[in-house]
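Working notes, structure below.
Only this structure's heavy atoms are used, side chains among them; waters, hydrogens and symmetry mates stay out. Residue numbering restarts at 1 for every chain, and letters A, B, ... go by the order of the sequence lines.
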2 protein chains.
Amino acid sequence: METATTRTAADEAWTLLRELAMAQRGVVMGIAAELGLSPPQLFTLQALKEGEPVPMSDLAGVLRCDASNVTGLVDRLAARGLVERRPAAHDRRIRHLILTDAGRQLRAAVGERLGRPPAGFDALSEAEARQLRDLLAKVADGS
Amino acid sequence: METATTRTAADEAWTLLRELAMAQRGVVMGIAAELGLSPPQLFTLQALKEGEPVPMSDLAGVLRCDASNVTGLVDRLAARGLVERRPAAHDRRIRHLILTDAGRQLRAAVGERLGRPPAGFDALSEAEARQLRDLLAKVADGS
DNA sequence: TATTGTTATACTCTATAACTATA
DNA sequence: TATAGTTATAGAGTATAACAATA
């Protein structure tokens with residue numbers, strides 16, 4: 001009797017993506033440590049916008065955690081002078097978060113490092129990179 | 001004067017991959033919650049092998065955390081009857097971790113859910129899925 | 001009444017340093 | 001001496017429930 005574990009090409013592609021993500025997990029931890037941030041602090045900084053103020057509740061949504069958790073995360077970033085709270089003019093329940101100059105600078109450093117494609121991408125030709133991009137765009141569109 | 005932010009196809013592909021990873025982060029948190037695990041516990045369970053015993057120190061390497069942290073993680077999994085410690089025969093300093101029946105079952109459930117490609121993959125034809133798999137394999141090889 | 005954010009609480013995660021047992 | 005793992009400690013991350021201020 002045959003156990004027929006037929007793996008489709010999509011399954012195999014997904015496995016490769018998960019292995020890539022696992023490796024990237026280590027890279028992110030390294031970047032965070034290098035810049036003196038914990039991983040959650042790094043994500044929080046990335047979730048903030050360059051010019052535009054962000055309500056705390058939005059942050060909870062992006063980070064997929066409880067609002068009470070955001071309070072502590074922002075407390076610690078604010079204690080380091082990376083972000084400031086400011087009451088929203090139109091609804092004084094809402095606290096807007098704005099990056100300080102130091103916060104903008106650190107966030108940019110994080111973004112620059114995260115944005116660097118891993119070494120493996122150098123193995124692709126220009127045409128292959130375009131193919132990969134288009135296929136991933138199709139996957140993203142279909143979600 | 002031109003600011004020439006020339007994004008290569010590789011950069012764009014990498015951005016799409018990071019967006020996919022960000023979405024997947026929410027999926028993983030959902031699976032963990034659904035199965036009554038914290039995300040670190042889920043990763044720990046995945047890092048264990050089906051038949052083969054795993055030394056605690058290996059786990060620290062895979063999870064990229066300190067050995068003292070592994071002690072606590074394993075304590076909690078063991079308290080739930082998912083894993084057991086057993087001294088290695090050839091070197092009694094080493095503790096081998098083995099999954100219990102419940103642990104194997106839960107690990108399989110995690111693996112089954114994580115292994116499901118996201119909905120977006122349905123948008124690819126068979127040929128496209130093969131193309132994507134081959135391109136990702138090339139990237140993985142080049143790392 | 002409903003919503004935004006905080007506080008109180010309890011637990012988990014995490015690293016550092018000191019320790020035990022074994023090699 | 002060196003290594004595998006634990007313990008002690010301290011701090012960060014996390015959710016739940018109760019609360020304050022505002023809408």
Side-chain angles (χ1 to χ4, degrees), chain A residues 25-26 28-48 53-98 106, chain B residues 25-26 28-48 53-98 106:
Chain A
R25 183 174 169 267
V28 171
M29 289 174 69
I31 293 171
E34 185 189 339
L35 297 176
L37 295 165
S38 68
Q41 285 169 354
L42 182 146
F43 288 129
T44 304
L45 215 51
Q46 287 295 286
L48 296 176
V54 173
M56 312 248 322
S57 57
D58 284 19
L59 215 46
V62 173
L63 300 175
R64 294 173 180 273
C65 69
D66 191 81
S68 63
N69 190 22
V70 175
T71 297
L73 288 167
V74 170
D75 279 350
R76 285 178 285 272
L77 292 179
R80 288 180 51 180
L82 298 172
V83 66
E84 283 173 5
R85 288 170 166 100
R86 156 174 318 179
H90 62 295
D91 183 341
R92 300 216 310 278
R93 291 174 300 182
I94 297 174
R95 306 279 220 130
H96 277 160
L97 300 176
I98 52 176
L106 186 51
Chain B
R25 184 174 168 268
V28 171
M29 288 174 68
I31 293 170
E34 185 190 340
L35 297 177
L37 295 166
S38 67
Q41 286 169 352
L42 181 147
F43 288 129
T44 303
L45 215 52
Q46 286 295 286
L48 296 176
V54 174
M56 314 248 326
S57 57
D58 284 20
L59 215 46
V62 173
L63 300 175
R64 292 172 181 275
C65 69
D66 190 82
S68 64
N69 190 23
V70 175
T71 297
L73 288 168
V74 171
D75 280 349
R76 285 178 284 273
L77 291 179
R80 287 181 50 180
L82 299 171
V83 65
E84 284 172 6
R85 289 170 165 99
R86 156 173 319 180
H90 62 295
D91 183 342
R92 299 215 311 278
R93 293 173 299 181
I94 297 174
R95 308 279 220 128
H96 277 161
L97 301 176
I98 52 176
L106 186 51

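Protein chain B touches strand DNA chain C; the 5'-most and 3'-most nucleotides with an atom under 4.0 angstrom of its non-hydrogen atoms are C:dT12 to C:dA23.
The shortest distance between side-chain heavy atoms of B:Val70 and B:Thr44 does not fall below 4.5 Å. At least one side-chain heavy atom of B:Leu63 sits under 4.5 Å from a side-chain heavy atom of B:Leu73. Using a 4.5 Å heavy-atom threshold, the side chains of A:Leu37 and A:Arg80 count as touching. A 4.5 Å side-chain heavy-atom check between B:Val74 and B:Leu59 finds at least one atom pair inside the cut-off.
Taking B:Glu84 as the reference, nothing meets the salt bridge (charged side-chain N to carboxylate O under 4.0 Å, His left out) condition, with sequence neighbours excluded. By the side chain to side chain contact (heavy atoms under 4.5 Å, CB included) test, A:Pro55 is found to be paired with A:Ser57, A:Asp58, A:Ile94, A:His96, residues two or more places apart in sequence or in another chain being considered.
The residue A:Ser68 sits close to a base: some heavy atom pair falls under 4.0 Å.
Taken to the nearest 0.5 Å, the CG atom of B:Leu106 stands 9.0 Å off from the CG atom of B:Leu77.
The minimum heavy-atom distance between B:Gly36 and B:Gln41, with the atom names listed, is O-OE1, 4.4 Å. Between B:Arg85 and B:Leu97, the shortest heavy-atom contact is CG-CD2, 3.8 Å. Among all heavy-atom pairs drawn from A:Ala32 and A:Pro39, the shortest one is CB-N, 4.2 Å.
Near DNA chain C, meaning a heavy atom under 4.0 Å from it, residues 85-94 of chain B has B:Asp91, B:Arg92, B:Arg93 in order of number. Remark: nothing in residues 30-45 of chain A comes within less than 4.0 Å of DNA chain C through any heavy atom.
Spacing between atom CE of B:Met29 and atom P of D:dT14 amounts to 7 Å, rounded to whole angstrom units. Look at CG on B:Asn69: it is 17 Å from P on D:dG11, rounded to the nearest Å. Between the C1' atom of D:dT22 and the CZ atom of A:Arg95 lies a distance of 12 Å, rounded to the nearest Å. Atom C1' of nucleotide D:dA12 and atom CZ of A:Arg80 are separated by 13 Å, given to the nearest angstrom. Counting to the nearest Å, the P atom of D:dA4 and the CG atom of B:Leu97 are 14 Å from each other. One interatomic measurement links the two molecules: CE of A:Met56 to P of D:dT22, which rounds to 16 Å at whole-angstrom precision.
A residue-by-residue look at B:Val70 and A:Asp66 shows that B:Val70 has its nearest nucleotide of DNA chain D further toward the 5' end. Of the two residues contacting DNA chain C, namely B:Ala67 and B:Leu73, the nearest-nucleotide position lying further toward the 5' end is that of B:Leu73.
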Exercise for the section: Apply side chain to side chain contact (heavy atoms under 4.5 Å, CB included) to B:Met29 and B:Leu42, showing your working. Expected result: CA-CA 9 Å; B:Met29 288 174 68; B:Leu42 181 147; over 6 Å; no
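The local environment of CZ in B:Arg86 is sparse, with at most 12 non-hydrogen atoms from other residues, nucleotides or ligands closer than 6.0 Å.
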Completion exercise
Under the rule of Watson-Crick or G-U wobble with both distances under 3.5 Å, where | means paired to another strand and [ ] a crossing pair, DNA chain D maps to |||||||||||||||||||||||
